[in-house]
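Numbered from 1 within each chain, the chains take letters A, B, ... in sequence-line order. All figures in this text were calculated on a predicted structure; none of them were measured in a lab.
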Amino acid sequence: MPLSMDTLVSLCKRRGFIFQSSEIYGGTGSCWDYGPLGVELKNNIKRVWWRDHVQTRADMVGLDASILMHATVWKASGHVDHFTDPMVDCRECRRRFRANTLDDTPWVHYCDATKGNMFRIPGGGPCTHCGLPRTLCPDCGKGELTPPRQFNLMFKTFMGPVAEDAAVTYLRPETAQGIFVNFDNVLQSMRRKLPFGIAQIGKAFRNEITPGNFIFRTREFEQMEIEYFVNPHDSVGGRPADEYWHERWIDACMGWFQRYGLQAGNLRLREHEKDELAHYAKRTADIEYRFPIGWSELMGIANRTDFDLKQHAKWSGKTLTYFDEERKEHVVPYVIEPSAGVDRALLAFLADAYREEEVRGEKRVVLRLHPELAPIKIAVLPLLKKREEIVRTCQAIREELARRWPATYDDTAAIGRLYRRQDEVGTPFCVTVDVQTAGDSDKGEAGDGRVTIRDRDSMQQVRVPIGGLSAVFGDLLGGETWSVVAGRVGVVTSMDGG
RNA sequence: GCGGGAAUAGCUCAGCGGUAGAGCGCCAGCCUUCCAAGCUGGGGGUCGCGGGUUCGAAUCCCGUUUCCCGCUCCA
């Protein structure tokens with residue numbers, strides 16, 4: 001049975017990943033809070049994204065621009081003009097129209113002067129039979145229209161305590177503009193040569209008409225964006241540089257999601273049709289993921305051309321160009337924009353990791369999260385919580401491991417249940433301390449100082465000395481596979497075998 | 001914004017005019033030497049909120065809020 005969104009929502013709440021915002025007040029539509037495990041998962045996603053796209057690349061730098069920006073930014077970007085059209089709805093057929101173009105569009109009219117015959121009247125003029133202007137829905141000709149409503153896809157707010165017009169600005173609807181307006185700053189301060197990119201992770205806000213589907217579409221969300229600047233006059237491999245780099249980024253992004261666990265079969269690329277392209281875009285490709293709600297956009301990779309830099313140059317009066325030493329000319333770079341949603345990525349990673357398995361006739365729910373993404377890397381568990389030596393040993397081990405990795409201790413259930421709990425939150429490894437480990441002071445028996453490591457996915461176990469744990473986890477959490485590491489350090493036992 | 005559905009314990013839900021329930025989970029104790037074991041006990045809900053009808057409302061009526069599904073919309 002395919003994973004339902006409800007199942008995921010329920011798991012997220014029950015296990016402390018994601019709660020509905022302001023729940024005790026009845027909840028706030030489209031807003032979600034990340035709980036103790038959710039914030040770890042989200043931070044992990046952001047961290048590996050940043051590491052892989054910024055820190056390990058010579059051609060990338062980072063940025064963290066403020067959410068509130070000069071209001072003119074949004075005039076230059078086009079968001080003010082394109083985000084705030086007054087809209088009206090037909091009460092009958094429920095079609096929606098832009099109020100300011102309504103009077104110029106052709107309309108359907110059932111004319112009383114001709115016993116109610118239907119006419120299609122071109123342009124915005126009155127009916128030639130009755131002489132009356134259009135008052136009803138131009139499409140069905142029957143329904144009354146609602147009063148115009150402002151559809152502010154941008155959240156308007158005020159800078160300063162006095163609400164006067166000069167101080168009006170917006171919560172940014174995308175992080176991209178923070179990069180464009182800092183293009184020259186970065187160029188000057190970081191001595192960059194084209195091609196190079198600027199990355200940013202941050203919150204963005206859109207008054208979506210229809211939010212929903214859990215964290216898929218929310219009004220407050222977080223973006224991971226790159227603006228990669230290229231010289232459109234250059235050619236690479238016989239192609240214009242912007243087209244070449246667009247392709248490279250599509251491949252890189254597709255590969256990145258798979259590297260952290262998304263199955264190739266749940267990912268696909270979708271090219272935007274010509275009439276679907278934003279007016280500034282030369283080409284846009286979406287990476288879609290097979291979410292519980294069906295195939296939907298996970299990220300978009302657009303070729304925004306030189307539109308944004310030119311717009312900001314025009315509105316700011318500043319020169320936003322790059323000097324090409326070889327050609328001795330100033331160019332406005334083209335920009336390739338890989339833009340991903342953190343929340344959507346998190347949803348995809350969760351959905352892809354979710355498994356229901358049958359183990360000894362019982363259902364096992366397990367999140368097969370990539371170890372780098374897992375909120376908790378290691379759980380240290382006592383086989384018997386009544387034995388002081390065991391508990392003490394557990395806590396010492398946890399404390400030591402927690403210096404390098406998120407590690408937790410739990411003794412509130414029997415071992416089987418403890419394992420299942422960790423499975424359900426995606427903890428890749430458990431360390432179990434038993435009587436042999438700590439010894440038995442009552443019987444005067446010394447412990448052997450060895451503990452069991454249990455692998456989440458295979459449920460196999462291997463026994464290692466406490467002193468070797470740090471090195472073993474260094475390997476396991478550093479990218480080596482369980483089978484390789486386990487085979488190297490000890491005798492592997494499986495559930496059925498032992 | 002429109003249409004439809006829903007709202008009762010942390011989760012899944014039953015109850016549909018007469019003292020708020022179950023399963024799971026959670027907590028504690030006993031037990032337990034590796035995969036959701038067992039036994040005992042426990043905490044937890046003014047049944048989304050506000051009105052109304054009634055001797056009496058989780059239950060019927062009205063309003064409202066929120067969520068879900070679909071439509072619309074989506075730089």
Paired nucleotide for rG70(B) [Watson-Crick or G-U wobble; both distances under 3.5 Å]:
rC2(B)
Of all the nucleotides listed (rA28(B), rG10(B), rU32(B)), which has the minimum atom distance to the side chain of T412(A)?
rA28(B)
Which of parallel (below 30°), tilted (30 to 60°) and perpendicular (above 60°) describes W256(A) and F349(A)?
perpendicular
Selection from rU12(B), rC27(B), rC34(B) that lies nearest to any side-chain heavy atom of R421(A)
rC27(B)
So does K386(A) get a side-chain nitrogen or oxygen closer than 4.0 Å to the phosphate oxygens (OP1/OP2) of rC30(B)?
yes
Measuring only the C1' atom in each nucleotide, how far is rU12(B) from rG18(B)? A whole number of Å is fine.
28 Å
Nearest-nucleotide pick for R206(A), side chain only, options being rC69(B), rA36(B), rA75(B)
rA75(B)
Pairwise 5' ranking along RNA chain B for R14(A) and I415(A), keeping only the more 5' one:
R14(A)
Taking only side-chain nitrogens and oxygens of K13(A), does any of them come within less than 4.0 Å of OP1 or OP2 of rC11(B)?
yes
Would you measure the distance from the P atom in rU46(B) across to the matching atom in rG10(B) and give it in whole Å?
9 Å
Rounding to an integer number of angstrom, what distance separates rG48(B) and rU54(B) when you compare their P atoms?
23 Å
Taking atom P of rG25(B) as reference, at what distance in whole Å does atom CZ of R15(A) sit?
10 Å
Report which part of the nucleic acid D423(A) touches: base, sugar-phosphate, or nothing (heavy-atom distance under 4.0 Å, all strands).
nothing
Contact class for S10(A) vs. all strands (heavy atom < 4.0 Å): base, sugar-phosphate, or nothing?
sugar-phosphate
Parallel, tilted or perpendicular: which one describes the rings of W49(A) and H53(A), with boundaries at 30° and 60°?
tilted
Residue from Y334(A), F183(A), W245(A) passing ring pair (Phe, Tyr, Trp, His ring centres under 6.0 Å) with F229(A)
F183(A)
N207(A) side chain near rC73(B) phosphate (N/O to OP1/OP2, under 4.0 Å)
no
The side chain of A414(A) is closest to which nucleotide in this list: rC35(B), rA37(B), rA36(B)?
rA37(B)
Do R392(A) and R387(A) make a side-chain contact, defined as non-hydrogen atoms from C-beta onward lying under 4.5 Å apart?
no
Would you measure the distance from the C1' atom in rA57(B) across to the matching atom in rG50(B) and give it in whole Å?
15 Å
Taking pairing as Watson-Crick or G-U wobble with both contacts under 3.5 Å, can you name the mate of rG56(B), or confirm there isn't one?
none
Quick one: D434(A) CG to rC35(B) P, roughly how many Å, whole number?
12 Å
Rounded off to whole Å, could you give me the CZ-to-C1' distance for the R420(A) and rC24(B) pair?
16 Å
With a 3.5 Å cut-off and just heavy-atom distances, do the side chain of E362(A) and the base of rC35(B) make a donor-acceptor pair?
no
Using the side-chain heavy atoms of L384(A), tell me which of these nucleotides is nearest: rU33(B), rC34(B), rA75(B).
rU33(B)
Taking only the side-chain nitrogens and oxygens of R454(A), find out if one of them lies under 4.0 Å from OP1 or OP2 of rC34(B).
no
Nearest whole Å is fine: how far is rC74(B) C1' from F221(A) CZ?
12 Å
Taking the P atom of each, how far is rC49(B) from rA9(B), in whole Å?
11 Å
Other residues, nucleotides, ligands: >12 heavy atoms within 6.0 Å of E357(A) CD:
yes
Does rC26(B) have OP1 or OP2 under 4.0 Å away from a side-chain N or O of R417(A)?
yes
Between T432(A) and Y419(A), a side-chain donor and acceptor under 3.5 Å:
yes
Any-strand Watson-Crick or G-U partner of rC26(B), both distances under 3.5 Å
rG42(B)
Using atom P in both nucleotides, what's the gap between rG23(B) and rC39(B) to the nearest angstrom?
12 Å
Using atom C1' in both nucleotides, what's the gap between rA58(B) and rC13(B) to the nearest angstrom?
14 Å
Tested for ring pair (Phe, Tyr, Trp, His ring centres under 6.0 Å) against F216(A), the lone hit among W32(A), Y289(A), F291(A), F221(A) is F291(A)
Should the pair R355(A)-E424(A) be classified as a salt bridge under the 4.0 Å nitrogen-to-oxygen rule?
no
The nucleotide from rC35(B), rG29(B), rC11(B) with an atom nearest the side chain of V359(A) is rC35(B)
Between R364(A) (CZ) and rC34(B) (P), how many Å, whole number?
18 Å
For the C1' atoms, the ones on rG15(B) and on rU59(B), what distance do you get once it is rounded to whole angstrom?
9 Å
Whom does rA7(B) pair with, Watson-Crick or G-U wobble, provided both distances fall under 3.5 Å?
rU65(B)
Residue whose nearest RNA chain B nucleotide is more 5′ - W32(A) or Q436(A):
Q436(A)
Rounded distance (Å) that lies between atom C1' of rC11(B) and atom CD of Q20(A):
15 Å
For I390(A) and rC34(B), what is the distance between atoms CD1 and P respectively, to the nearest whole Å?
12 Å
Length of the NE2-C1' vector between H272(A) and rC74(B), whole Å
12 Å
